[in-house]
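Structure, as structure tokens:
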Amino acid sequence: MNVLIVANPTSAATDYYRTTGPFVRLSQANPKVKLQIEYPQNVKWHHMYTADVLLFQRPNGDDILTLIAEAKRMGKKIVLDIDDLLHGLTDANPAARHFNAPNILDSMDKALSLGDHLIVSTPFLMDYYMPKCNCPITVVPNCPDLQSTPFVDVQEQHNPLRVFWRGSTTHLQDLYTIEKVWNIMGTDKNYSLMFIGIEKFMLPWYQGNAVFVPWQTLFQLFEGMGNSGIDWGIYPLTIDDFNRSKSNIFAMEMLCAGAPILAPEGLPEWEHPGVIRYKNPMHLQVLLSDIRTGKINKVKEVEAGRQWIAEHRNLNKHNETRNAILNNL
């Protein structure tokens, strides 16, 4: 079976977790699956004509819709993959101007109507997109690729406590939800903070000390996280439908790098071992105090989280579902 993956020019991480990454591992396990990967601007008619299946991640825009429609005219099968609530971006997200534009929303709806199978990353997304498409929907969760990001040795907790966050400007409002806690940690010598993916000027309310690292390549990020001896990751999120639909990639990356996670309550994908949920900023401060004084054990939390990954986020196991989708088209 020949599969043409139409890659996302602006999101290597999305391709790594949803399309190119898992399907490369699938093709290694099943040599009958042959891959070709092209950016949308490079796709020609002969790429589509020689493929049996075309795979599109986050299908949006007239250019993508044109490719999908042409492939359907050729009788090809179309698999779509969505890992975010693309119809529910708030104004705090820089991508909202693009995805909330009427022509983009219309293109996504038309793409969904042409798909032969839709894969989503969470049950929330399945419930949301089911009325919008006429094809089967399957939840295939994001999984860490332990060949690329193997578990590193867990270090004993440091003093000062090494606290980590990584993300992009899409999370500025999320970061602000615990403004007071960030400032307390940033002015307390018992904490050492690192932010990757943003710069300090983007957080005008932040008055503390921290290391700010510009966004890197994906594998630079993985290598840096594994080598830095992170103690805990904090991932604040606003409680809304967009974040309820999101998967827990940050948590899995932290656990691979040897650190457990603090995240807010009210997000179903974050309710698993290795993640401690806080009720509000005051409760987060209590948890941080318990961590520093040893009432919460870092090593035990990481071990529990890694066991959960082994049981519930095994990439090879979930690739069996992807393989079944291909075979059933």
Side-chain angles (χ1 to χ4, degrees), residues 1-28 33-87 89 93-101 103-121 140 142-143 145 147-148 167-170 197 214-222 247 249 315 319 322 325-326 329:
M1 180 181 295
N2 296 320
V3 178
L4 173 61
I5 296 176
V6 181
N8 189 328
T10 62
S11 180
T14 301
D15 285 351
Y16 172 75
Y17 280 105
R18 300 303 304 169
T19 56
T20 300
F23 276 89
V24 163
R25 298 301 182 211
L26 171 58
S27 67
Q28 290 170 345
V33 176
K34 309 293 185 182
L35 300 183
Q36 181 167 359
I37 304 168
E38 299 286 349
Y39 283 131
Q41 64 269 27
N42 297 329
V43 174
K44 308 300 182 184
W45 77 271
H46 53 84
H47 295 136
M48 295 188 287
Y49 190 72
T50 54
D52 300 303
V53 178
L54 281 78
L55 173 60
F56 295 85
Q57 216 284 326
R58 297 186 178 191
N60 72 91
D62 290 340
D63 290 345
I64 295 295
L65 184 60
T66 298
L67 292 177
I68 293 173
E70 186 69 356
K72 291 293 288 187
R73 295 184 190 104
M74 295 179 183
K76 306 303 180 180
K77 298 297 184 180
I78 305 297
V79 176
L80 308 175
D81 187 285
I82 295 179
D83 75 326
D84 268 330
L85 187 61
L86 300 180
H87 287 70
L89 275 69
N93 191 316
R97 184 176 181 180
H98 170 79
F99 281 103
N100 291 342
N103 64 308
I104 297 299
L105 290 170
D106 183 61
S107 72
M108 289 192 290
D109 289 340
K110 288 179 179 176
L112 287 168
S113 71
L114 294 173
D116 294 291
H117 204 110
L118 173 62
I119 304 174
V120 294
S121 55
V140 183
N142 286 317
C143 301
D145 183 345
Q147 289 181 246
S148 297
S168 67
T169 55
T170 64
W215 193 250
Q216 306 166 321
T217 69
L218 191 61
F219 286 86
Q220 281 179 318
L221 173 66
F222 292 154
S247 67
I249 289 174
L315 179 58
N319 269 351
R322 288 185 171 97
I325 290 169
L326 294 179
L329 287 173

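Among D83, D84, N142, T20, the single residue meeting the side chain to side chain contact (heavy atoms under 4.5 Å, CB included) criterion with T14 is D83.
In this structure the side chain of Q57 never reaches within 4.5 angstrom of the side chain of S11, judged on heavy atoms. For the pair F56 and L67, the minimum side-chain heavy-atom distance is below 4.5 Å. For the pair D145 and V24, the minimum side-chain heavy-atom distance is 4.5 Å or more. When side chains are defined from C-beta on, H98 counts as touching N60, because their heavy atoms get closer than 4.5 Å. Side-chain contact check for Q36 versus N2: every heavy-atom pair is 4.5 Å or farther apart. Side-chain atoms of D63 and P40, non-hydrogen and from C-beta on, never get closer than 4.5 Å to each other. Here the side chains of V43 and L54 are not in contact, with every heavy-atom distance at 4.5 Å or above.
Separating the CD1 atom in I325 from the NE2 atom in H117 is a distance of 4.0 Å, to the nearest 0.5 Å. One distance of note links CD1 of I68 with OG of S113; it measures 9.0 Å at 0.5 Å rounding. Remark: R58 CZ to T19 OG1 distance equals 10.5 Å, nearest 0.5 Å. Rounding to the nearest 0.5 Å places CG of L105 at 12.0 Å from NZ of K110. L4 CG to I78 CD1: the interatomic distance, rounded to the nearest 0.5 Å, is 9.0 Å. Rounded to the nearest 0.5 Å, atoms CD1 (I5) and CD (E38) are 11.0 Å apart.
A perpendicular orientation is assigned to the rings of F222 and Y17, their planes being inclined by more than 60° (bins at 30° and 60°).
In this structure, N8 contributes its side chain and D15 its backbone to no donor-acceptor pair below 3.5 Å.
Shortest non-hydrogen contact noted between I104 and G61 is CD1-CA, 3.8 Å. Counting all heavy atoms, side chain and backbone alike, L65 lies closest to A111 at CD1-N, 3.7 Å. For the pair A96 and L89, the tightest heavy-atom approach, listed with the atom from each and the gap, is N-CD2, 3.7 Å. Taking all atoms of both residues into account, the shortest heavy-atom contact from Y16 to P22 is O-CD, 3.2 Å. When every heavy atom of S148 is checked against every heavy atom of R25, the shortest pair comes out as OG-NH2, 3.4 Å. Closest non-hydrogen pair, N319 versus R322, comes out as OD1-NH1, 3.0 Å.
A salt bridge links D116 with K72: at least one charged nitrogen is closer than 4.0 Å to a carboxylate oxygen. Between D81 and R18 there is a salt bridge, since at least one side-chain N of the basic residue sits less than 4.0 Å from a carboxylate O of the acidic one. The existence of a salt bridge linking D52 and K77 is excluded, since no basic side-chain nitrogen approaches an acidic carboxylate oxygen closer than 4.0 Å.
Heavy-atom contacts from other residues, nucleotides or ligands closer than 6.0 Å to CZ of F219 number more than 12.
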**Full working for side-chain contact (heavy atoms from CB on, under 4.5 Å) between I82 and L112** = CA-CA 10 Å; I82 295 179; L112 287 168; 4.0 Å; yes
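Of the N and O atoms on the side chains of N42 and H47, not one donor lies less than 3.5 Å from an acceptor on the other residue.
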